[in-house]
2 protein chains.
Amino acid sequence: MDKVKPTIEDVARAAGVSRASASRVINDAPGTSDLVRARVHAAVAELGYRPNEVARALASGRQRAVDVVAVTCGRPTGWLGTDPYFSRILAGVMPVLDGVNAQLRLHTIDRERAAEAIETIARNATLGAVLADTTPDLATRFYRRCRRIVSMVPTAAVVPAMLADNIDGVIAAVDELHRLGRRRIVAIHGPAVNPCATDRRTGFRRAVRHLGLVEVSADGDFQRDGGYRAARRLLDQDPEIDAMFVANDLMAAGAVQAITATGRRIPDDVSVIGFDDSIAAVCANPQLTTMRLPVEDMAAAAARLLLNGTPAPGHRQRFPVDLVRRDSTPH
Amino acid sequence: MDKVKPTIEDVARAAGVSRASASRVINDAPGTSDLVRARVHAAVAELGYRPNEVARALASGRQRAVDVVAVTCGRPTGWLGTDPYFSRILAGVMPVLDGVNAQLRLHTIDRERAAEAIETIARNATLGAVLADTTPDLATRFYRRCRRIVSMVPTAAVVPAMLADNIDGVIAAVDELHRLGRRRIVAIHGPAVNPCATDRRTGFRRAVRHLGLVEVSADGDFQRDGGYRAARRLLDQDPEIDAMFVANDLMAAGAVQAITATGRRIPDDVSVIGFDDSIAAVCANPQLTTMRLPVEDMAAAAARLLLNGTPAPGHRQRFPVDLVRRDSTPH
DNA sequence: GCTTCGTCTGAGAGCGCTCTCGGGTCTATC
DNA sequence: GATAGACCCGAGAGCGCTCTCAGACGAAGC
């Protein structure tokens, strides 16, 4: 039996051509005659040849793989398992890679050991890295060391990024609440270190100012517990609240629990709009009206960008954030 | 500037030893004198040398990486982004790999093109593959082609696996419901193709028989929607239902919505126990009492097993499934 | 008929590492 | 003092591929 895997050498021999020619046709490189091409293809098929990606990577100096990296910003171990955002990025990147015979690698990097991690990833010389989650300074450092990256969150202007219209999204959410007749609209924000949270904070400020409302908000941590606690605080502070904008669905799920726990009804007494349209939005009860972040599309676009070579400095792609009406706002 | 990365050759030269010796100390191989070891370490530190993993893989015929693979069993594109189970596996594997300088690769394989995917992964010659989700037949095929795998779901007896006590878990859940005075306990099961779902079905059957109750159940799909619909059906069929065991939290979140939508109160009118203790359990309202599946621990154990070489055929590790009391059962 | 150009092909030199194997040195044993 | 054994070390042969470069060949131009 031919247990041993055939090499390109075997293919070349079987096709009666040189290794170089075999390599050329296998890689669709120009400068091969139809005859050679046909013979090599036949040999490949006959032997069941598959290129050894490792050897390929060593010789060419580049690996057909994309790194997806997330920064563990002081989050608890295992956060990855409960973060609905991260897995959506994976879900977006995966299909585009599958189509082109590229691999997906996962990395989580600690802020403390970031330098080393960046170095490791940079030396790998893959097609590039998708920064799932990062702080601006880290993204910049990463970019300086290795240009083939694209951030999924707002960063310094040079770093290529896929950006959602967070600010407009929040404004749309608050406008919707206002349109529904709500006048005591408060917000629960995400952690200040998170660039998305910052944008959403800005959006809320603009929205309430524009509507002539007072700005009332509490800070959460983008986790359910934080959302619950923030909502309770807000409700204690002002029992007349009639609407909440919550900066992500996970916190919104907690807020919903807090609101019903105080005997209020959703959406009648208090309406809630979340952000992300993650799995948390549909698991909440009632299901959350939320601003849909097209994370999968953004991630797919990021992967495609990387596949096309080094992104241009400051490359930006913007994505709309759309309102999804469910049961936490009146119909 | 030393822009060009130093190779082991450079290290050897700087240390005044041969490449072989440098390699030996870098890999902690036996048979090096203290003097050589010290000199090589010094050279490594001075030059900032980091081994090229690709070259290493080519020469040794093995890549320091673990594959995590999930089977797209007719699930919609993007399911990965909403599956709380899969990301917990990632969360479990990641930290153990981080500690030993190994990488994590992600794969999703289609049932139709499984053969090709298995071949690809097998040829990669990584440390092994963690089958996050699979059907028994596919796991067996995979195992035959490549022994370095471990399944996270029940499979044929030869395939190394990390197994949760699904059956005992379900029995414990139903017993708890019974202990709470519930007598009309129904179940919502997962899809028949899923091996975990099958075990949980078995567990429920045993539990109700043992308690002398009638077995009533509906089938769901492990998704929220399916849980919602199944619960409605069940409630229509028998309005006197006082407890539901739901085979995963995602469906349980849907069931909770269905129950409250019919005006019933949880946990007083109907108590609910889910399964998994995933993010869906805490996002549901009220939060779900559920059976905690130690997915992260199981995944970490799987990764460690692979790190130690080829698992013994039929290797099995069992994990307990514990009750987590929250608000969908009375206190 | 000879040069020139363009197209195709093969030889061979790496890519950076691992690992075997043979030789050299040093201690223990008689 | 000779011999065996243990312990280190270095030379060198790969691992399977890519890619440059020069040569071969044929057509076109003078």
Side-chain angles (χ1 to χ4, degrees), chain A residues 2-41 43-44 47-65 101 103 120 122-127, chain B residues 2-41 43-44 47-65 101 103 120 122-127:
Chain A
D2 48 352
K3 250 184 189 163
V4 54
K5 341 176 199 178
T7 71
I8 200 174
E9 189 80 48
D10 300 324
V11 171
R13 202 175 310 120
V17 302
S18 72
R19 205 168 61 240
S21 291
S23 172
R24 266 187 287 260
V25 355
I26 289 166
N27 292 295
D28 276 323
T32 50
S33 65
D34 291 350
L35 178 66
V36 168
R37 206 180 344 260
R39 299 226 306 242
V40 171
H41 281 143
V44 165
L47 297 176
Y49 170 77
R50 318 261 310 247
N52 177 326
E53 293 298 338
V54 174
R56 221 178 219 193
L58 180 60
S60 70
R62 196 154 290 288
Q63 303 191 54
R64 287 197 66 75
N101 181 33
Q103 296 188 328
T120 303
R123 299 226 181 171
N124 265 354
T126 56
L127 297 173
Chain B
D2 50 351
K3 250 186 187 158
V4 55
K5 339 177 199 179
T7 70
I8 198 173
E9 188 79 49
D10 300 325
V11 171
R13 200 175 313 120
V17 302
S18 72
R19 204 167 61 242
S21 291
S23 172
R24 266 187 288 260
V25 354
I26 289 165
N27 292 294
D28 275 324
T32 50
S33 65
D34 291 348
L35 177 65
V36 167
R37 201 172 359 251
R39 298 226 308 240
V40 171
H41 281 143
V44 165
L47 298 175
Y49 170 77
R50 318 263 308 246
N52 176 327
E53 292 299 337
V54 174
R56 218 178 221 192
L58 179 60
S60 70
R62 196 153 292 286
Q63 303 190 55
R64 286 197 67 76
N101 181 34
Q103 295 189 326
T120 302
R123 298 225 183 172
N124 265 355
T126 56
L127 298 172

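The model shown is predicted, which means the values in this text are computed figures rather than measured ones. Heavy-atom basis, side chains included; hydrogens, waters and symmetry copies ignored. So that the names make sense, note that chain A is the first sequence line, chain B the second, and so on, each numbered from 1.
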Can you give me every donor-acceptor pair (side chain of residues 29-36 of chain B, partner residue at least two apart or in another chain, under 3.5 Å) with its distance?
residue, atom, partner, partner atom, Å
B/Thr32, OG1, B/Arg37, NH1, 2.7
B/Ser33, OG, B/Val36, N, 3.3
B/Asp34, OD1, B/Arg37, NH2, 2.9

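- DNA chain C lies under 4.0 Å from at least one heavy atom of each of the following residues of residues 17-28 of chain B: B/Arg19, B/Ala20, B/Ser23, B/Asn27.
- Considering CZ of B/Arg123 and CD of A/Glu53, their distance stands at 11.0 Å, rounded to 0.5 Å.
- Here A/Arg50 contributes atom CZ and A/Asn101 contributes atom CG; the two are 8.0 Å apart, rounded to the nearest 0.5 Å.
- Across all their heavy atoms, A/Ala65 and A/Thr126 have their closest contact at O-CB, 3.1 Å.
- Scanning residues 50-63 of chain A for heavy-atom distances under 4.0 Å to DNA chain C yields A/Leu58, A/Ala59.
- Not counting sequence neighbours, the partners of A/Arg13 by the salt bridge (Lys or Arg N to Asp or Glu O under 4.0 Å) test are A/Asp10.
- Closest-nucleotide positions on DNA chain D for B/Gly31 and A/Thr7 were compared, and the one nearer the 5' end corresponds to B/Gly31.
- Of all non-hydrogen atoms in B/Ala57 and A/Val54, the two that sit nearest each other are CB-CG1, 3.7 Å.
- The heavy-atom pair separating A/Arg56 from A/Pro51 by the smallest distance is NH2-CG, 3.4 Å.
- Regarding A/Ile8, its CD1 atom lies at a distance of 13 Å from the P atom of C/dG10, rounded to whole Å.
- With a heavy-atom cut-off of 4.0 Å to chain A, the contacted part of DNA chain D has its first and last nucleotide at D/dG16 to D/dC19.
- Taking the salt bridge (Lys or Arg N to Asp or Glu O under 4.0 Å) definition, one finds that B/Arg19 meets it with B/Glu9, sequence neighbours left out.
- One finds the CG atom of A/Leu47 at 11.5 Å from the CD1 atom of A/Ile8 (value rounded to the nearest 0.5 Å).
- The nearest pair of heavy atoms linking A/Thr7 to A/Tyr49 is C-CE1, 3.5 Å.
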